[in-house]
Undergrad: 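Okay, here's the structure, questions in a sec.
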Amino acid sequence: MTRTVDPSPSDAARREPAVVVNEIFWSIQGESTFAGEPCVFVRLTGCDLRCRWCDTQYAFFEGERMPLSRLLREVERFGCGLVELTGGEPLLQRNSRLLLQQLCDAGYTVLLETSGAHSIDGVDPRVHRIVDCKCPSSGESARNLSANLDLLGPRDELKFVIGTEADYQWARKRIDAASWAKRVRAIHFSPVFGELSLETLAGWILRDRLPVRLGFQLHKFIWDPNLRGV
Ligand SMILES: C[S@@+](CC[C@H](N)C(=O)[O-])C[C@H]1O[C@@H](n2cnc3c(N)ncnc32)[C@H](O)[C@@H]1O
Ligand SMILES: Nc1nc2[nH]cc(C(=O)O)c2c(=O)[nH]1
Ligand code: SF4
Ligand SMILES: [Mg+2]
């Protein structure tokens, strides 16, 4: 006689696709063209880059495994139509693409914030992909995947976080070289918080008549910039 064994609930839960989550919180979107809008943030654990100025180093290791079904329920509790998947580096996790797809299927406007070091290919086309092109002073510019830039489209945003004038000139060359301004929803030049002033970066952008947006981290002007979960 063949015996079948029903998996216990915990076995079933273990087999369910899951991600490792650092935090889920509800805040005002502080970056991108969606800045100012209420937004649910899902921050995944782990990153393979070490940007010198990273403000989210607490997400490198701390986190809890969460099945996607539970994560979707947690997001739903906020009753908000805008969700951002960030990290850490969300694309490092095997199930992040599935999560993005499920969030889109559930009807959310979905943003993905990614370092640009991992292919954005295969991300659900309904997602707004915000790709951060790492400038030299981050210490991680060797990790930029140039193939990603060719995949950007009209719902996507390209971002340069600028710490020095050399970074600015480097980023400027990159946007001069390609006609990205016409291809993407926005190109952001944002200062490294606390290192370069908005006024200085604004002055350079105006001086050179660059067709970019001055970006900044709105949440750090609303709340204490060292707080987590805002
Ligand atoms: C913490 S990262 C997580 C997503 C992904 N790893 C990335 O780098 O895009 C989210 C965004 O915060 C930006 N960021 C982190 N630290 C910053 C700082 N000190 N000043 C300005 N932007 C910062 C990053 O450049 C990135 O665009
Ligand atoms: N309020 C708020 N807006 C954000 N936009 C992108 C963020 C991120 O860390 O990826 C972020 C964040 O950490 N907080
Ligand atoms: S890629 Fe993003 S999370 Fe990783 S170190 Fe850089 S800013 Fe931080
Ligand atoms: Mg942040």
Side-chain angles (χ1 to χ4, degrees), residues 19-63 75 78 80-93 96 99-100 103 108-120 123 127-145 148-149 156-163 167 171 185-196 213-230:
V19 285
V20 183
V21 179
N22 173 263
E23 57 181 353
I24 301 178
F25 61 96
W26 158 245
S27 187
I28 295 292
Q29 175 56 260
E31 302 170 26
S32 83
T33 61
F34 294 84
E37 295 190 30
C39 182
V40 181
F41 291 85
V42 177
R43 191 182 304 287
L44 300 191
T45 299
C47 187
D48 54 334
L49 270 58
R50 292 292 180 266
C51 302
R52 183 182 52 79
W53 34 252
C54 178
D55 62 8
T56 319
Q57 298 182 22
Y58 60 85
F60 289 168
F61 301 108
E62 294 167 21
V75 168
F78 294 102
C80 174
L82 182 64
V83 181
E84 171 162 301
L85 185 64
T86 183
E89 176 46 52
L91 292 182
L92 273 184
Q93 295 200 31
S96 58
L99 170 60
L100 289 164
L103 287 166
Y108 296 105
T109 298
V110 181
L111 316 180
L112 166 70
E113 189 101 25
T114 179
S115 69
H118 299 278
S119 178
I120 58 169
V123 169
V127 171
H128 296 268
R129 300 172 298 190
I130 302 158
V131 175
D132 192 337
C133 189
K134 300 298 178 188
C135 294
S137 86
S138 71
E140 292 289 11
S141 59
R143 301 292 306 274
N144 291 319
L145 212 59
N148 271 343
L149 302 177
D156 301 324
E157 306 188 13
L158 181 60
K159 177 172 177 180
F160 297 86
V161 175
I162 293 172
D167 278 355
R185 181 174 160 109
I187 298 178
H188 305 273
F189 275 30
S190 304
V192 173
F193 187 84
E195 283 192 13
L196 179 66
R213 285 185 186 229
L214 176 64
F216 60 100
Q217 297 180 294
L218 175 58
H219 48 295
K220 293 189 183 171
F221 292 83
I222 306 175
W223 295 287
D224 177 341
N226 298 310
L227 278 182
R228 292 184 187 195
V230 294

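Atoms within a ligand are numbered from 1 in the order they appear, just like the ligands themselves. Fair warning: this is a prediction, and the values are worked out from it, not measured in the lab. By convention here, the first residue in the shown sequence is residue 1.
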Undergrad: Name the closest protein heavy atom to atom 5 (N) of ligand 2, giving the residue it belongs to and the distance to 0.1 Å.
TA: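 Protein heavy atom with the smallest distance to atom 5 (N) of ligand 2: Gln29 OE1, 2.6 Å.
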Undergrad: Around atom 14 (N) of ligand 2, find the nearest protein heavy atom and jot down its residue, atom name and distance.
TA: Val230 O, 2.8 Å
Undergrad: Could you list which atoms of ligand 3 come closer than 4.0 Å to a heavy atom of Gly88?
TA: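 In order of number, 3 (S).
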Undergrad: As an exercise, identify every atom of ligand 2 less than 4.0 angstrom from a heavy atom of Ser27.
TA: 1 (N)
Undergrad: List ligand 3 atoms under 4.0 Å from Ser115, heavy atoms only on the residue side.
TA: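 Answer for ligand 3: 1 (S).
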Undergrad: Which heavy atom in Cys135 sits nearest to a heavy atom in Ile162, and how many Å separate them?
TA: SG-CG1, 4.2 Å
Undergrad: Would you kindly say whether Thr114 and Glu89 are connected by a side-chain donor-acceptor distance under 3.5 Å?
TA: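 The criterion, which ignores hydrogens and geometry beyond distance, is satisfied for Glu89 and Thr114.
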Undergrad: Quick test: of every protein heavy atom, which one is nearest to atom 3 (N) of ligand 2, and how far off is it to 0.1 Å?
TA: Gly30 N, 3.0 Å
Undergrad: Think Arg50 forms a cation-pi with Phe60, using NZ or CZ under 6.0 Å from the six-ring centre and within 45 degrees of its axis?
TA: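 The answer is yes, since Arg50 meets both limits relative to Phe60.
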Undergrad: Give the residue, atom name and distance (to 0.1 Å) of the protein heavy atom nearest atom 8 (C) of ligand 2.
TA: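 I find the closest protein heavy atom is Thr86 OG1, 3.7 Å.
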Undergrad: Tell me, with the steps shown, if Leu145 and Ile120 meet side-chain contact (heavy atoms from CB on, under 4.5 Å).
TA: CA-CA 10 Å; Leu145 212 59; Ile120 58 169; over 6 Å; no
Undergrad: Check each heavy atom of Cys51 against ligand 3 and say whether those closer than 4.0 Å belong to the side chain, the backbone, both or neither.
TA: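 The part of Cys51 near ligand 3 is both the backbone and the side chain.
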Undergrad: Quick one: does Gln217 get within less than 4.0 Å of ligand 2, heavy atoms only?
TA: no
Undergrad: Between the side chains of Glu31 and Ser190, is a donor N or O closer than 3.5 angstrom to an acceptor N or O?
TA: no
Undergrad: For ligand 2, is there an N or O atom under 3.5 Å from any N or O atom of Gly87?
TA: no
Undergrad: Looking only at heavy atoms, what is the nearest atom pair of Asp167 and Ser137, with distance?
TA: OD2-OG, 2.6 Å
Undergrad: What is the nearest protein non-hydrogen atom to atom 11 (C) of ligand 2, stated with its residue, atom name and distance?
TA: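 Result: Phe41 CE2, 3.7 Å.
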Undergrad: Which value, rounded to the nearest 0.5 Å, describes the distance between Leu44 atom CG and Ile24 atom CD1?
TA: 9.0 Å
Undergrad: With heavy atoms of Cys54 as the reference, note each atom of ligand 3 found under 4.0 Å away.
TA: 3 (S), 5 (S), 7 (S), 8 (Fe)
Undergrad: Compare His219, Lys159, Arg228 and give the one whose heavy atom is closest to atom 12 (C) of ligand 2.
TA: His219
Undergrad: Less than 3.5 Å between some nitrogen or oxygen of Arg43 and one of ligand 2, yes or no?
TA: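 Right, the criterion is met.
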Undergrad: Hey, what's the ring geometry for Phe216 with Phe221, parallel, tilted or perpendicular (30° and 60° as the breaks)?
TA: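 Rings of Phe216 and Phe221: perpendicular, over 60°.
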Undergrad: Can you pull out the closest protein heavy atom to atom 2 (Fe) of ligand 3? Residue, atom name and distance to 0.1 Å, please.
TA: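 Heavy-atom neighbour on the protein nearest atom 2 (Fe) of ligand 3: Lys134 NZ, 4.0 Å.
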Undergrad: Quick one: pull up CD in Glu62 and CD in Gln57 and give me the separation to the nearest 0.5 Å.
TA: 11.5 Å
Undergrad: Judging by distance only, is a nitrogen or oxygen of Ile28 under 3.5 angstrom from one on ligand 2?
TA: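 Yes, at least one N or O pair falls under 3.5 Å.
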Undergrad: Go through ligand 3 atom by atom and flag the ones less than 4.0 Å from a non-hydrogen atom of Phe60.
TA: 5 (S)
Undergrad: Ignoring hydrogens and angles, state whether a donor on the side chain of Arg185 or Thr33 is under 3.5 Å from an acceptor on the partner side chain.
TA: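 Their side chains do contain a donor-acceptor pair, which is all the 3.5 Å distance test asks for.
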Undergrad: Could you walk me through whether Leu149 and Asn144 pass the side-chain contact (heavy atoms from CB on, under 4.5 Å) test, one step at a time?
TA: CA-CA 9 Å; Leu149 302 177; Asn144 291 319; over 6 Å; no
Undergrad: Please test Asn148 against Ser119 for side-chain contact (heavy atoms from CB on, under 4.5 Å), starting from the C-alpha separation and ending with a verdict.
TA: CA-CA 6 Å; Asn148 271 343; Ser119 178; 4.2 Å; yes
Undergrad: Which protein non-hydrogen atom lies closest to atom 4 (Fe) of ligand 3, naming both residue and atom, and how far is it?
TA: Cys47 SG, 2.3 Å
Undergrad: Identify the closest protein heavy atom to atom 6 (C) of ligand 2: which residue and atom is it, and at what distance?
TA: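 It is Glu84 OE2, 3.0 Å.
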